[in-house]
Every structure is written in structure tokens, then in C-alpha cells.
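So that the names make sense, note that chain A is the first sequence line, chain B the second, and so on, each numbered from 1.
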Amino acid sequence: MLPLSTSAVTLGFGMIITLDQPPLNLRTSFVLIPIAHALAGFPFVVRSILPALRSIPRSLTDAAAMLGASPLKIAFTIDFPLIAKSLVAGAIFAFTVSLGEFWATLFTARPETPTFPVAIYRFLGQLGAMNHGQAMSVILMLVTALGFVGIENFRKQNPEGF
Amino acid sequence: MEKELVLDQVNKTFEDGSLVLKDIDLRLAQGTKLSVLGPSGSGKTTLLRLIAGLEIPDSGSIFFDGQRINDLPPHKRRFGMMFQEFALFPHMNVFDNIGYGLRMKGLSRDRIEARVKEMLALTGLSNFEKRQVDALSGGERQRVALARAPWPRNPGS
């Protein structure tokens, strides 16, 4: 949960400072954006998946091992299907967090590869009757709301998953 | 020559420091039936879990067919085990639960089907293939666990 306790500004700024030396000189790379977003979404994904993983009875993996399944096969045939719904919920969480992430991205985004919120920020700073920023804000709100409706539906169906 | 399971001076202590099995010696020839009796917490399940490879002994050796199997993982020991709480896979139907071990063994679909039907008939669960395990009664679940428990073998063997 550490990324949650740190300001996104610190996260973005810290990435620019630390990832500017070879072999990881990513200061001008667009890769910084997915890394920053992954860090921002990581606590939500962990929060979704961990309870589901912990709720798998040990006897199930023991039984699978007794039937000849290697640890890797157990992960794919037992663990993964049982946490699939939580994984989807975590992915939606991460997607919505990523969609609205602004402060870390403001530092890491290149002018030619802005994210949605950064583009809105730029558009809103421009004068004009046709302000694309407002339209984009509405789209962002709708998509985010849709994501959280999906998560809420999942939460009702699988209360133990959260 | 008959295969033999041998436990030699096996000890097991739980994480809380309680000694559950002390200097266990056991010699079982192939085909032997053995009942282990004892009060709750006396280590009956732990003994089975040690033999199955689900627990590692603190000291002592376990041999099967002359080979020391202490370090052999459970999926390579070729032992069958039925769990107290059945441990049926909730995301699979009856057929897939019973056929799981055969799939892990890499058998063809036809052979898996033949073996599963054989086991279903033996346990009186014919026509239960497509049923989800969550929808079964306690007794039916027990029989599915029983049908799944033997180490996966080819049909008819």
C-alpha cells in the first residue's frame, strides 16, 4: 500500500530523478507513464486479489498436488480460475485509477504523448468557444463511472472478494 | 517383488513447538490395510500428510519401494489421498474433478472419459458428470472425493 501513502507528485518527480542513469535512462521515454500508472494502481489490484488468494483453502492445492499437479499447474488450474473474478475487479480498479491519474503523469508525460487528464489540463488552459477539454472531461467521468458501476456489481455478487 | 512403505524414526513438530509425532517406525507391504486410531490431535492426519509429502519430517526417513522419498514433492510420489473435508474443486463439475489427475497425467480425452465413467459407476454416481460440486449433497460430495482419490490410473488397470 506504500504508493498510496506517497503523493503522486513525489512519485512522478522521484521517477524522473532516479530513472535518468544508464542502464535505466527512461527520463525521455514514454515507458515512464505506464510504470507510474502501474505503481498508482498496484495497491488497488493487491487489495482486490489478496483476500481472494487467501480464501482458497489449502486443502484444494494439496489435493491438486496429490493428483499429480506441479506447483505451476496448480497455479493455472486451481488458483487462477478461483481468483479470476477478483483479478478482473482489480484490473477495472487499476484501469479507472490509471484513467484519472494526473499528478505523476504531469511530470512523466512527454508533450507528444499526453494522457487523457493531461490533455484535458492543456485544453482547459486554452481559450476558445469549442473547448475540447470539457468534452473530454465528460467522457472521462462517464468511463470512470462505468468502471465503478462494474466493480460495484462485482462486489455485490462476490462480497468475499473485497 | 512387493513394494513396501517404510517410516524410519520419523519425528514431526508443529510451528508452535508441540511434538506431534515421535520416533515413528512403520513398515507396510503392498496390499496391506492399516487403520490408525487415536484421539483428535494425536497426529493421524499429520502421519498421512508426511507420507503424502504435504509435510516434511523434522528427522527420520520415509522410504517407498526402497527409495528414500523425503525430498520428493507430493505430485511425484504417486500416492492417493482422500481429504477429510473432501477438497473438491468448486470451479469444476463432477467429471472434471474426477478427471483432474488423469489430465495432469496427460491422458487422452477418450481414456479420461472411460476412467471417469468407471469411477462414477463404482461410486454410484453415473449421470452426475455435469453436476457442479456445490450442488451436491454431503454424501454425494464424499463419493466424488472417493472416486477422485486413487492415484490416477489408466482405465481398466
Side-chain angles (χ1 to χ4, degrees), chain A residues 41-42 44-95 147-162, chain B residues 15 45-46 48-56 64 69 72-107 112 115-116 119 132-134 141-142 144-154:
Chain A
F42 185 71
F44 298 98
V45 176
V46 170
R47 188 72 186 84
S48 299
I49 294 173
L50 211 55
L53 263 177
R54 284 181 177 154
S55 70
I56 297 174
R58 191 181 159 193
S59 59
L60 293 189
T61 48
D62 283 350
M66 291 304 301
L67 291 164
S70 64
L72 193 67
K73 280 184 177 170
I74 292 172
F76 277 104
T77 57
I78 306 296
D79 295 334
F80 186 74
L82 290 175
I83 65 160
K85 285 178 178 174
S86 300
L87 208 61
V88 171
I92 297 172
F93 244 130
F95 172 72
F148 277 98
V149 166
I151 292 170
E152 190 59 21
N153 277 341
F154 171 81
R155 194 186 61 77
K156 282 176 186 166
Q157 288 169 22
N158 304 273
E160 78 284 357
F162 280 85
Chain B
E15 282 177 7
T45 305
T46 306
L48 291 178
R49 291 178 64 84
L50 283 168
I51 294 169
L54 299 171
E55 303 277 356
I56 307 293
F64 182 65
I69 58 170
L72 206 62
H75 67 280
K76 291 185 176 169
R77 291 200 183 190
R78 300 164 60 93
F79 291 152
M81 183 167 167
M82 184 172 159
F83 290 78
Q84 280 173 12
E85 62 278 30
F86 311 142
L88 299 179
F89 307 130
H91 56 298
M92 296 180 195
N93 60 22
V94 171
F95 181 95
D96 289 336
N97 260 281
I98 298 174
Y100 183 84
L102 301 162
R103 281 205 308 283
M104 293 302 112
K105 208 179 165 194
L107 291 190
I112 292 173
R115 176 68 175 162
V116 171
M119 294 309 288
Q132 285 299 312
V133 291
D134 288 343
R141 291 161 75 99
Q142 191 176 29
V144 174
L146 183 65
R148 192 188 63 174
W151 169 254
R153 286 178 303 163
N154 292 337

### Interface moiety of A:A84 toward chain B, non-hydrogen atoms closer than 4.5 Å
neither

### Message
Under 4.5 Å from any heavy atom of chain B, what part of A:L82 do you find: side chain, backbone, both or neither?
### Response
side chain

### Task
Pick whichever of A:P57, A:A65, A:P71 has the most heavy-atom pairs under 4.5 Å with chain B.
A:A65

### Query
Distance-only, no hydrogens or angles: does the B:H91 side chain make a donor-acceptor pair with backbone N or O of A:T77 under 3.5 Å?
yes

More than 12 heavy atoms from other groups under 6.0 Å of [atom1] on [X]:
| X | atom1 | result |
| --- | --- | --- |
| A:F42 | CZ | no |
| A:F148 | CZ | yes |
| A:F95 | CZ | no |

### Query
Side-chain contact, heavy-atom cut-off 4.5 Å: A:D62 with B:R49?
yes

### Message
For B:R103, which atoms come within 4.5 Å of any heavy atom of chain A: side chain, backbone, both, or neither?
### Response
neither

### Message
Taking side chain as everything from C-beta outward and backbone as N, CA, C, O, which of these in B:M92 sits under 4.5 Å from a heavy atom of chain A? Side chain, backbone, both or neither.
### Response
side chain

### Nearest non-hydrogen partners of B:F89 and A:L60, listed with the distance
CE2-O, 3.3 Å

### Message
Within this structure, what is the CE-NE2 distance for the pair A:M66 and B:H75, rounded to the nearest 0.5 Å?
### Response
12.0 Å

### Message
I need the residue from B:A145, B:P73, B:G53, B:P74 with the largest number of non-hydrogen atom pairs under 4.5 Å to chain A.
### Response
B:P74

